Student: 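Take a look at the following structure, please.
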Amino acid sequence: MNNKRRTFLKKMSMAGAASAIVPAALANADQKSMVKLKRTSEVPADQELKIALIGAGIMGSQDMNTALKHDNVSIVAVCDLYDGRLDDAKEKWGQHLFLTKDYKEILNRKDIDAVLIGTPDHWHKQISIDAMKAGKHVYCEKPMVHSVDEGKDVIDAWKKSGKIMMVGSQGISSLGNEKAKELLAEGVIGDINYAEGFWARHSPPGAWQYNVPADGTPETVDWERYISNTTDRPFDPLRFFRWRNYLDYGTGMSGDLFVHLFTSLHFITNSLGPNKVSAMGGLRYWKDGREVPDVLLGMFQYPDSEQHPGFNLSLRCNFVDGTSGSTYLKIVGSKGSMDVKWDEVVVKTNKQTSSDDPFLEAQAKMSGEVSDRKKILPPNEVVYKVEPGYKGAHYDHFGNFFRAIRENGQVEENPVFAFRAAAPALLCNDSYFQDEFIKWDPVNMKLV
């Protein structure tokens, strides 16, 4: 055996399992299995921002409540098509509010810097475009559009406007997503080859059986305005208050929940998206007249790209699940895996030997250079968890939006990024209802 090979074998046997193959991010954990994630201090909010809410339902109201937790942000106006929500807005946010059922009256006001759009999905495109044309910055709930053929129009309007537009898949601004992105780039789990995500619920509100108020009638709801850009139908309170169940207004489980998982995955991996989409599922439990499944499985193929090697993605959504509310994104690589949540990342490595080469191990034993003495190994599982007092991804997402407005900066989830996350989710619906594979060009963002 030559001297170089003998020296190499000796080094391998003495180095021990972890020091040879465990990435620095794990080795530097000081042998602890828990690492705290923390957010740096915020930039002072010197410029006052006046905002308005268009669509004051469940998510719109949550968005506004979160936005108002930030310094120097105030609410000026609210638009909704139901009288009850307009009345509630004054109770929650003040008697000074300007209230309307016509969103264009909001856009015509000169005292509004930005609008938050929390309407049903079928209004996202038009209100976003009209708002940017009116000189307003836009925060629009996910998915950005109701169908893939709407994406280009929103992107074009945004590029022409010079305004900030951010879409509300809040996990992209979480400490968990940021840490997972860093760990993947450092090679902690090697090259990605597979990912999976799961979202489970089992409750009437979780399955979109939202409360239908007793006074939700044609006298208190502007039904004609609500359906003016879609199919003409007689007034139906379920289609208004439980809109996610119907294809004219919502985008099903994938548009509501898969889009969050796509957003996180694409942010962490820098991916532009899959090139093949397929879906299966069914209506198994919530048989309340809805038009969309309550169990949905999606399979997606991601091609080799400059950003990452090719990999496969599996997504599941189940509204008939006794685990009630569990969700995760798992990213699997050649050296291990990461379980990613918005406030936690769990890294698991799959090797703890100095070498997986049988020849090298045999040669080391023959040379007598392998010691039977046990070694200290770093953990093969490390949990990164947020510090107490973390304000959450939702808060940070709005912080990024307001900072970009004040500094004339950029946001990560702009319309291009948001469309690349929305498109495969919407195509998952198309695959389910058309019962076929769908090919997508993630670079040029168009159907093949």
Side-chain angles (χ1 to χ4, degrees), residues 55 57-60 62-63 117-128 139-155 166-172 197-201 205-210 229-231 239-266 273-274 277-283 286 290-300 313-319 327 329 413 415 417-434 438 440 442 445 447:
I58 297 171
M59 200 64 220
Q62 289 183 13
D63 283 340
I117 301 173
T119 66
D121 302 343
H122 70 304
W123 276 105
H124 286 182
K125 169 197 168 183
Q126 195 59 54
I127 298 177
S128 295
Y139 181 104
C140 180
E141 262 305 320
K142 51 76 198 163
M144 183 181 79
V145 290
H146 189 241
S147 63
V148 292
D149 58 8
E150 296 178 343
K152 184 177 184 301
D153 291 341
V154 177
I155 292 171
M166 184 180 221
V167 176
S169 295
Q170 300 83 14
I172 192 175
F198 181 45
W199 209 299
R201 292 177 175 175
W208 310 328
Q209 284 193 335
Y210 304 138
N229 66 350
T230 186
T231 308
R239 286 179 170 269
F240 185 82
F241 293 102
R242 297 180 179 176
W243 57 270
R244 289 193 185 278
N245 292 314
Y246 304 96
L247 294 172
D248 279 351
Y249 328 108
T251 49
M253 304 173 93
S254 56
D256 183 26
L257 300 173
F258 280 6
V259 70
H260 279 300
L261 299 169
F262 281 117
T263 300
S264 292
L265 178 67
H266 292 181
V277 177
S278 65
M280 300 181 73
L283 186 57
W286 301 101
R290 67 183 61 199
E291 299 172 348
V292 292
D294 55 10
V295 175
L296 187 65
L297 311 175
M299 300 293 292
F300 309 88
L313 169 67
S314 169
L315 297 181
R316 295 173 288 152
C317 197
N318 188 352
F319 284 178
T327 180
L329 175 65
E413 196 176 5
F417 184 103
F419 183 52
R420 286 194 164 116
L426 301 176
L427 294 175
C428 190
N429 280 335
D430 292 345
S431 174
Y432 172 80
F433 287 106
Q434 297 170 19
I438 294 179
W440 174 251
M445 296 178 286
L447 288 166

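Small disclaimer: the values here were computed from a predicted structure and weren't measured.
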Student: Can you name the side-chain contact (heavy atoms from CB on, under 4.5 Å) partners of Pro442, sequence neighbours left out?
Tutor: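 Pro442: side-chain contact (heavy atoms from CB on, under 4.5 Å) contacts with Leu272, Asn275, Trp440.
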
Student: My understanding is that only one of Phe319, Trp286, Tyr249 makes a ring-ring contact (aromatic ring centres under 6.0 Å, His included) with Trp208; could you say which?
Tutor: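 The ring-ring contact (aromatic ring centres under 6.0 Å, His included) with Trp208 is passed solely by Phe319 among Phe319, Trp286, Tyr249.
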
Student: Of all heavy-atom pairs between Ile438 and Ser431, which one has the smallest distance, and what is that distance?
Tutor: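 Residues Ile438 and Ser431, closest heavy atoms: CD1-N, 3.5 Å.
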
Student: Taking side-chain contact (heavy atoms from CB on, under 4.5 Å) as the test, write out the residues that go with Pro293, two or more places apart.
Tutor: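 Counting only residues at least two positions away or on another chain, Pro293 forms a side-chain contact (heavy atoms from CB on, under 4.5 Å) with Leu296, Tyr432, Phe433.
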
Student: So, applying side-chain contact (heavy atoms from CB on, under 4.5 Å) with Phe419, which one of Glu150, Met144, Lys152 is it?
Tutor: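 Of the listed residues Glu150, Met144, Lys152, the side-chain contact (heavy atoms from CB on, under 4.5 Å) partner of Phe419 is Met144.
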
Student: Holding to salt bridge (charged side-chain N to carboxylate O under 4.0 Å, His left out), I want the full list of residues that pass it with Arg290, two or more places apart in sequence or in another chain.
Tutor: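 Once residues adjacent in sequence are excluded, the partners of Arg290 under the salt bridge (charged side-chain N to carboxylate O under 4.0 Å, His left out) criterion are Asp288.
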
Student: With no hydrogens and no angle check, is any side-chain donor or acceptor of Arg316 less than 3.5 Å from a backbone partner on Leu297?
Tutor: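 Absent.
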
Student: Within this structure, what is the CE-OH distance for the pair Met166 and Tyr139, rounded to the nearest 0.5 Å?
Tutor: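 Rounded to the nearest 0.5 Å, the CE-OH separation comes out at 7.0 Å.
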
Student: Quick check for you: to the nearest 0.5 Å, what is the distance between Thr230 atom OG1 and Arg239 atom CZ?
Tutor: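 Reported value, rounded in 0.5 Å steps: 8.5 Å.
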
Student: What's the separation between atom OG in Ser169 and atom CG in Leu257, rounded to the nearest 0.5 Å?
Tutor: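 Those atoms lie 10.5 Å apart.
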
Student: Within the side chain of Asp121, is there an N or O that forms a donor-acceptor pair under 3.5 Å with the backbone of Pro143?
Tutor: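 Judged by distance alone, no pair lies under 3.5 Å.
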
Student: Taking Glu141 as the fixed residue, which of Gln62, His124, Gln170 is the one that meets the side chain to side chain donor-acceptor pair (under 3.5 Å) rule?
Tutor: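 By the side chain to side chain donor-acceptor pair (under 3.5 Å) criterion, Glu141 pairs with just one of Gln62, His124, Gln170: Gln170.
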
Student: Between Asn229 and His122 (side chain of the first, backbone of the second, donor and acceptor by atom type, cut-off under 3.5 Å), is there such a pair?
Tutor: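 Checked: pair present.
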
Student: Kindly say whether Phe198 contributes a backbone atom to a donor-acceptor pair with the side chain of Thr327 at under 3.5 angstrom?
Tutor: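 Looks like yes, one N/O pair under 3.5 Å.
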
Student: Can you list the residues that meet the ring pair (Phe, Tyr, Trp, His ring centres under 6.0 Å) rule with His146, with sequence neighbours excluded?
Tutor: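 Result, ring pair (Phe, Tyr, Trp, His ring centres under 6.0 Å) vs His146: none returned.
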
Student: Who passes ring pair (Phe, Tyr, Trp, His ring centres under 6.0 Å) against Phe258, sequence neighbours left out?
Tutor: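 For Phe258, no residue satisfies ring pair (Phe, Tyr, Trp, His ring centres under 6.0 Å) once neighbours in sequence are set aside.
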
Student: Please report the shortest heavy-atom distance between Val145 and Val154, naming the atom on each side.
Tutor: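 Looking at all heavy atoms of both residues, the shortest contact is CG1-CG2, 3.9 Å.
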
Student: Output the distance between atom CG (Leu313) and atom CG (Leu261), rounded to the nearest 0.5 Å.
Tutor: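 These two atoms lie 8.0 Å from each other.
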
Student: Side chains of Val167 and Phe417: closer than 4.5 Å at any heavy-atom pair?
Tutor: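 Sidechains of Phe417 and Val167: no contact.
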
Student: Going through the distances and angles, do Trp123 and Ile117 end up as a side-chain contact (heavy atoms from CB on, under 4.5 Å)?
Tutor: CA-CA 9 Å; Trp123 276 105; Ile117 301 173; over 6 Å; no

Student: Considering non-hydrogen atoms only, spot the tightest contact between Ser254 and Asn429 and give its length.
Tutor: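 That would be OG-OD1, 3.0 Å.
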
Student: Salt bridge (Lys or Arg N to Asp or Glu O under 4.0 Å): which pairs involve residues 245-257, sequence neighbours left out?
Tutor: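 Listed by first then second residue: Lys142-Asp256, Arg201-Asp256, Arg233-Asp248, Arg244-Asp256.
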
Student: Return yes if some donor-acceptor pair links the side-chain N/O of Thr263 with the main-chain N/O of Val259 below 3.5 Å, else return no.
Tutor: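 Yes; at least one donor-acceptor contact below 3.5 Å.
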
Student: As a quick check of understanding, evaluate side-chain contact (heavy atoms from CB on, under 4.5 Å) for Cys428 and Phe300, giving each step before the final call.
Tutor: CA-CA 9 Å; Cys428 190; Phe300 309 88; 3.9 Å; yes

